[in-house]
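First up is the structure itself, then whatever we jot down about it.
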Amino acid sequence: MRIPMKWLSRYVDLTGVTAEQVAALLTSRGLEIAGIEQLGEDIQNVVVGRIDSITPHPDSDHMLICMVDAGSGEELQIVTGAPNVKVGDHVPVALHGSHLPGGVKIKKGKLRGVESCGMLCSGEELQLTEHDFPGAGEYGILILREKPDIGTDIREVVGLNDQVLEAEPTPNRPDFQSVIGVAREVAAALGRPLTLPKPQVKEESGHNIHDFVKVEVENGELCPRYMARTVRDIKIEPSPAWMRDSLRAAGIRAINNIVDITNYVMLEYGQPMHAFDLACVDDNHIVVRTPRPGEEHVTTLDNKERELTPDTLLICDAQKPVGVAGVMGGLNSEITENTKTVLFESAKFNGYSLRLTAKRMGLMTEASQRFVKGIDIEATQTALERACELVELLGAGKVDRGVIDVVKTDLSRRTITARPEKINARVALEVPAEQMAGILNSLCVPPTLREDGLLHVEVPHFRDDIEGEADISEEVARVVGYDHIPLTLMRGDLSRGRLTLRQRRVDSVRSLLCAEGAYECVTYSFTGPAAYDKLLLPENSPCRSSVKILNPFGEDASLMRTTLAVSMLPTVALNLNQKAESFRLYEISQVHFPAGQEGVIPEEKQMVCIAAVGPQEDFYTLKGVVEQLCGGLGIDDYSFAAGGPEYYHPGRKAVLTIAGKQAGVLGEVHPTAAENYGISERVYLAELELDALFAGIVPERKYRALPRYPAVDRDLAVVLDASVPAGSVAAAIRKAAGKLCEKTELFDVYTGSHVPEGQKSLAYSIRLRSDDHTLSEEEINSAMHKIVAALEKDFGAKLRS
Amino acid sequence: MNEKLSIIREEALAAVKAASSTAELNDIRVRVLGKKGELTAILRSMGSLAPEDRPKVGQMVNEARAEIESAVEARTAALAAQERDARLKAEALDVTIPGKKRPLGKLHPLTQTYYEMRDIFVGMGFTVAEGPEVEYDKYNFTMLNIPKDHPARDMQDTFYVNDDIVLRTHTSPVQVRTMLSQKPPIRIISPGRVYRSDDVDATHSPIFNQIEGLVIDKGVTMADLRGVLDVFAKELYGEHTKTRLRPSYFPFTEPSAEVDLSCMACGGKGCRICKGSGWIEILGSGMVNPKVLEMCGIDPEVYSGFAFGIGIDRVCNAKFGISDIRLLYENDLRFLSQF
């Protein structure tokens, strides 16, 4: 909302107060002023001059030499190329050293040998249009028809000597969408009186609106109040300079007197108004209603056909829609040069319904915005009176007697009884009740301080946001100033601030992975169907069943990801493209799966995704990271088995099982999937579910007595079929050796010469120990025999000679 | 015999003196004192002596043995020290050659920032509450005093899953869930990822991170809010940091306040980062609206509370001098490795 200082000063005396001071006061009271614009800032040293003589240029057939009095006491010689100047004309003169919009600087110079001490300006050169200033749109020099005083700064003449506050009202203060609303706050802040217009309408037409106009509101829910007045003998003209300047400063283009009046009143009171050409309203009958069956379209003022839904509120005549309520008038009832009789509409429409309509039509206009945020139902009347008063003041027409006022709601004001001590307690202030009353009075929210010490407040409709005691505490606190609130620390029972066990475990995962050389990443949670295609996921993959966003940025961000791989692989690709050769990355984030039940929020799982890339990485280095993570977290019971989703290498992927439950997958990314992300290197990826990991953590550890008897280490190498998993062999060794087996460690895997084709050699280091005696040679040999026999039986393994 | 002994002694002592290694000394020891050594040979040959001479010679041999042994010992110690010195000298390293290490990863700057902020609040007695990112509309909006027809819904551009489920636009729904499930006193922060369908630019991302705080107890006032935020600001940016509250509006708080901190870059004098104002807007806050308490089953006549919300991304960018929020989500290692 743009608030021109000149306009503001019509309601509150701003003598001796700068725009900066007003801005600071308003900001400190909760109306943020984002900036102050100085109008005409880019025009400097341009003044009104009178042309005293004109002679032709000796060396040009289209240039003229003018002698100009610009108030400096000496005649200036200025050459111009414009043919429309006459002796006696008052024109804008850009003097030597002046600035014009667009960074243009004017200096003395010679034009075809004749000295020119400046420039006569056109409307265009001052960046003015016909809407801004009459005559500005004409080709040639801007002739100032009113003949303002010579030497006057041109900015004053064209109404650019103003400052504009750029206000950003919060949604609870729709009253700040009007100059009067802001003036009310400024007056309260300055402690100066607020002078509001008291519209007086003469009603000189001799007609009465009730004799020929009928208004019906069918849907009171959507239109709680509808008021109308009529004006006849309309003379469409440009509006006067003060009104045009005000509108321009506020950011609205002047059109003609009638339209300008509706806009002026909208900005002044925050009440959007509409003017219908009554000749286009069938039977002079206004019906506020939703569409009838078959009414599917309406053409709005901007000449666009708009689709109607059953809940679109329309302003109709006896036959057809003439506008979309609160959004835009219809083309068929637009004010034109030929308009003779006008019906002014001043109404309140339901903000929510209007918001839906405006959004659907993509038509958030100045008017609809105000309805959406809520308007003052009392101002509906004042604004209408004000519009009619302005019609008379501008001589734009004759106002008929009578006002139509259809009220479909309770107009009475909300009353609140507030306890001053509760108000103080909330904001930790000690404001006497009398001062609270004074504050509310200054805000035009009249209170009564009753004998029982309670504040009785009658809330005018422009402050519908004040609903209870808490709101009054805010009014008191913001006027007294938040700076006066003391600083204390919370009292009460000592509370134990600490992280939960799970939160500490998530932190541990981060630390462990950083210790493994992995950098933490944070990526967006969105993905799209194309990403799942890239991952080679089959049509029926459960990972494809994602939570869909109704209003996404685009197809590729329309789903909530079900796997972090869709984010990790692009991140890997990005870093490879940046010439990183060897790196590890990880991300901890949520994935989402639809609940499978209407109206229930999706299932969320917190995952960690780890990626490893580089010449020294392979499946086993990544597996090592996963094992370190398990070990670091304190998980004893975990195992791996071949398997995993489609986007992994079919022979190099594994499922991690913890405490009997699948906890994740790891492996080399399938080369086709990697290529789909533009990756030609091998990428190793692990995706683990945090809660499944945490479920395997041994909660409490108990001391085990240290060994008292020596251990015996034996090495064993066997040759067996290459397809036998080493994990099974180790398990068989442990089982065969029974409780004597303290440790088995695979230290060599060999294929090649001396090992038959299709077979491999596995070498284990086995540590045997008893906890109650020193093992004898016989015991050791017997254990080793059992192991060898078991391996032979289970896997056909032969001792390697 | 005497003479022979004397020669053995002299020769042995001279050899010990001349020895240049512990190995050489060992040879001497074996040659002179060993089982088949020269002195032993003399002892063995004592049988040929007159019985009265034997004790005397025996004593002389023992004296010579002791003398030679101690000379060997002393010389051994001296040589060992020399040899060790020589070895240590030879083993000297260039300590400026880089160490051998396994690479370390780093926490994302957002996590580092979050940890720092979290520590401050945990130190003030807050616990950390978490909740779903895809959330019921009623928890994200309605129960926070933002009904469907509330104009404030326009303040937050929302991603919808359906009419009743949204991507949470703030972590406030976690506050609602906490109030519904826990009796006061409540003192929580709720960190996490939030979603807004804002246009993406250098300062706006459709996904960003927040920490919200909620305190509910008997007699909690706006002065407590100021106090907590003041401690937070001073812990985060140093003792000299000032806080300023400005009236504002959030549907779930009343009164509401924007909180500015004195600019950490210029200390409040005004600079490019604070756009000359000396202040940086960093927080939204206020006293919990009694309507919200009521909807969450807490009696506003008995309890009061305050709430606040901070963008982690913004604090992170200010802390590290990061100019574009999008860098945080690109995960370029040249970026990640800087922090």
Side-chain angles (χ1 to χ4, degrees), chain A residues 27-30 170-172 351-352 372-374 425-428 468 470-471 473-474 477-478 482 485-490 492-493 495 497-499 503 510 513-515 517-525 547-551 553 560 571 574-575 578 580 583-584 590 592 599 601-602 604, chain B residues 102-108 110-111 122-128 132-136 149 151-152 155 159-162 164-165 167 185 187 193 197 206-207 215 217 220-224 226-228 230 245-249 254-255 257 287 289-290 304 328-334 336-337:
Chain A
T27 299
S28 77
R29 293 166 73 102
T170 49
N172 61 324
Y352 179 55
V372 165
K373 288 180 177 156
R426 191 168 183 79
V427 292
D471 303 282
S473 75
E474 177 169 73
R478 75 179 178 89
Y482 283 2
I485 298 172
L487 279 80
T488 56
L489 275 178
M490 303 163 287
D493 298 338
S495 53
R498 69 174 303 196
L499 301 181
Q503 286 159 357
R510 287 202 184 92
L513 290 174
C514 284
Y519 280 86
E520 189 190 15
C521 300
V522 177
T523 62
Y524 286 170
S525 323
V547 175
K548 286 190 185 65
I549 299 164
L550 282 184
N551 53 335
F553 276 164
M560 296 301 280
T571 306
L574 172 116
N575 282 295
Q578 301 299 352
F583 54 87
R584 287 176 175 178
Q590 320 287 334
H592 293 87
I601 55 168
E604 256 181 48
Chain B
R102 298 198 311 165
L104 271 183
K106 285 181 174 174
L107 293 175
H108 194 279
L110 278 170
T111 305
V122 169
M124 285 193 272
F126 286 78
T127 51
V128 180
E133 292 174 7
V134 184
E135 187 51 286
Y136 293 109
D149 60 354
M155 284 166 90
F159 287 113
Y160 282 89
V161 171
N162 58 43
D164 305 319
I165 296 175
L167 307 194
R187 198 180 288 187
R193 189 175 269 235
S197 59
I207 295 180
V215 172
D217 205 344
V220 174
T221 72
M222 205 155 165
D224 297 326
R226 278 199 82 185
V228 164
D230 187 62
L245 267 60
R246 269 184 299 116
S248 186
Y249 171 71
E254 192 70 47
M287 298 300 292
N289 194 319
S304 56
L328 294 173
Y329 299 93
E330 269 177 24
N331 303 293
D332 188 323
L333 279 160
R334 296 170 304 173
L336 295 178
S337 57

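A note on names: the letters A, B, ... follow the listed sequences, proteins ahead of strands, and every chain is numbered from 1.
- Heavy atoms closer than 4.5 Å to chain B are found in the side chain of Leu574(A), but not in its backbone.
- Heavy atoms closer than 4.5 Å to chain A are found nowhere in Asp164(B), neither backbone nor side chain.
- With a 4.5 angstrom heavy-atom cutoff, Val522(A) touches chain B via backbone and side-chain atoms both.
- Scanning both residues, Ile601(A) and Pro132(B), for their nearest heavy atoms gives CD1-CG, 3.7 Å.
- Remark: side-chain polar atoms of Asn551(A) are paired, donor with acceptor, to backbone N or O of Tyr160(B) under 3.5 angstrom.
- Of the two parts of Ala470(A), the backbone and the side chain both hold a non-hydrogen atom closer than 4.5 Å to a non-hydrogen atom of chain B.
- Looking at heavy atoms from C-beta onward, Gln578(A) lies out of side-chain contact with Leu333(B) at the 4.5 angstrom threshold.
- Residue Arg426(A) touches chain B through both its backbone and its side chain, counting heavy-atom pairs closer than 4.5 Å.
- Looking at Arg246(B), both its backbone and its side chain come within 4.5 Å of chain A, counting heavy atoms on both sides.
- When every heavy atom of Ser248(B) is checked against every heavy atom of Glu474(A), the shortest pair comes out as O-OE2, 3.5 Å.
- Between the side chain of Gln503(A) and the main chain of Val128(B), a donor-acceptor pair closer than 3.5 Å is present.
- If you measure heavy-atom distances from Ser28(A) to chain B, the contacts under 4.5 Å come from the backbone alone.
- In this structure Asp230(B) satisfies the salt bridge (charged side-chain N to carboxylate O under 4.0 Å, His left out) test together with Lys234(B), sequence neighbours excluded.
- Every residue two or more places apart in sequence or in another chain that forms a side-chain contact (heavy atoms from CB on, under 4.5 Å) with Ala428(A) is listed here: Ile485(A), Pro486(A), Thr221(B), Ala223(B).
- When heavy atoms are compared at a cutoff of 4.5 Å, Val215(B) approaches chain A solely by way of its side chain, counted from C-beta outward.
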